[in-house]
Amino acid sequence: AQRVTQPEKLLSVFKGAPVELKCNYSYSGSPELFWYVQYSRQRLQLLLRHISRESIKGFTADLNKGETSFHLKKPFAQEEDSAMYYCALLGGGTSYGKLTFGQGTILTVHP
Amino acid sequence: EPEVTQTPSHQVTQMGQEVILRCVPISNHLYFYWYRQILGQKVEFLVSFYNNEISEKSEIFDDQFSVERPDGSNFTLKIRSTKLEDSAMYFCASTLSGTGELFFGEGSRLTVL
């Protein structure tokens with residue numbers, strides 16, 4: 001069975017500090033992983049996906065198959081990064097677009 | 001920019017009543033989904049819909065639930081006889097290619113009394 005674990009429910013940092021949101025997964029196949037973000041009063045939206053290997057809003061995430069992790073990092077957090085962040089795993093086979101989400105981490109960036 | 005829209009934003013109903021949650025996916029998308037989030041818990045997959053039929057459903061999606069795409073634009077989730085534990089935020093999502101880049105609606109909050 002596939003599972004996504006985000007061990008931190010809450011994470012607080014100060015503006016300009018580095019931030020790392022942890023995500024670990026369990027999946028028997030080749031994983032496709034995503035980070036979704038939900039800003040206050042907005043809808044859930046895709047932040048980045050590991051396949052594209054790009055940096056979005058200064059965030060990056062590297063898939064580490066050995067540690068089964070996909071941690072989200074940003075070297076210098078900004079106040080506008082405050083949001084709920086969800087790590088998600090895409091099911092394979094016939095599971096077109098079926099995502100398994102972690103519990104989410106609320107990131108608060110203090111001024 | 002096109003968006004997924006959901007109605008109602010909040011519905012309060014009595015236990016045992018039928019509820020229909022409506023969604024208008026992005027117009028050229030082909031895959032449609034319902035997810036739900038019980039307060040304080042994770043977002044959970046309910047059902048996926050492609051080519052006018054359910055492609056996958058979770059064990060949560062029992063006989064009380066059904067989905068329909070009646071007219072080529074709306075995508076509805078029906079709960080036939082609501083239970084207290086159906087209280088949750090229900091999210092509709094759509095995507096063009098089934099690759100995991102889902103576009104979500106703002107959600108419909110269902111409260112069952």
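Labels below follow one simple rule: chain letters A, B, ... track the order of the sequence lines, proteins then strands, and each chain is numbered from 1.
Ring planes of A/Tyr85 and A/Phe59: tilted class, angle from 30 to 60°. In this structure, B/Tyr35 and A/Phe101 have perpendicular ring planes: the angle between them is above 60°, well past the 30° mark.
Nearest heavy atom pair, residue A/Gly58 against residue A/Lys74, reads O-CG, 3.6 Å.
Judged by distance alone, the side chain of A/Arg43 and the main-chain N or O of A/Gln38 form no donor-acceptor pair under 3.5 Å. Judged purely by atom type and a 3.5 angstrom limit, A/Thr5 has no side-chain atom pairing as donor or acceptor with the backbone of A/Pro7. One N or O on the side chain of B/Ser58 and one on the backbone of B/Phe45 form a donor-acceptor pair closer than 3.5 Å. Judged by distance alone, with hydrogens and angles left aside, the side-chain atoms of A/Ser26 form no donor-acceptor pair with the main-chain N or O of A/Gln2 at under 3.5 Å. A donor-acceptor contact shorter than 3.5 Å is absent between the side chain of A/Thr68 and the backbone of A/Lys65. With A/Tyr36 contributing its side chain and B/Leu102 its backbone, the two residues share a donor-acceptor pair below 3.5 Å. No donor-acceptor pair closer than 3.5 Å links the side chain of A/Asn64 to the backbone N or O of A/Ser69.
A donor atom on one side chain and an acceptor atom on the other are not found under 3.5 Å apart for B/Thr95 and B/Glu101. Residues B/Gln37 and A/Tyr86 have side chains that bring a donor and an acceptor to within less than 3.5 angstrom of each other.
A/Leu72 places none of its side-chain heavy atoms less than 4.5 Å from the side chain of A/Thr60.
Of all residues spanning residues 1-15 of chain B, those with a heavy atom less than 4.5 Å away from chain A's heavy atoms are B/Glu3, B/Val4, arranged by number. At a heavy-atom separation below 4.5 angstrom, chain A is approached by B/Tyr31, B/Tyr33 within residues 23-34 of chain B. Heavy-atom proximity under 4.5 angstrom to chain A picks out B/Phe104, B/Gly105, B/Glu106 from residues 103-113 of chain B. Contact annotation for residues 102-111 of chain A against chain B (heavy-atom separation below 4.5 Å, listed by residue number): A/Gly102, A/Gln103.
The pair A/Lys98-B/Glu56 counts as a salt bridge, with a side-chain nitrogen and a carboxylate oxygen less than 4.0 angstrom apart.
Rounding to the nearest 0.5 angstrom, the gap separating the OG atom in B/Ser94 from the CZ atom in B/Phe49 is 13.0 Å. Interatomic distance, A/Ile56 CD1 to A/Trp35 CH2, rounded to the nearest 0.5 Å: 15.0 Å.
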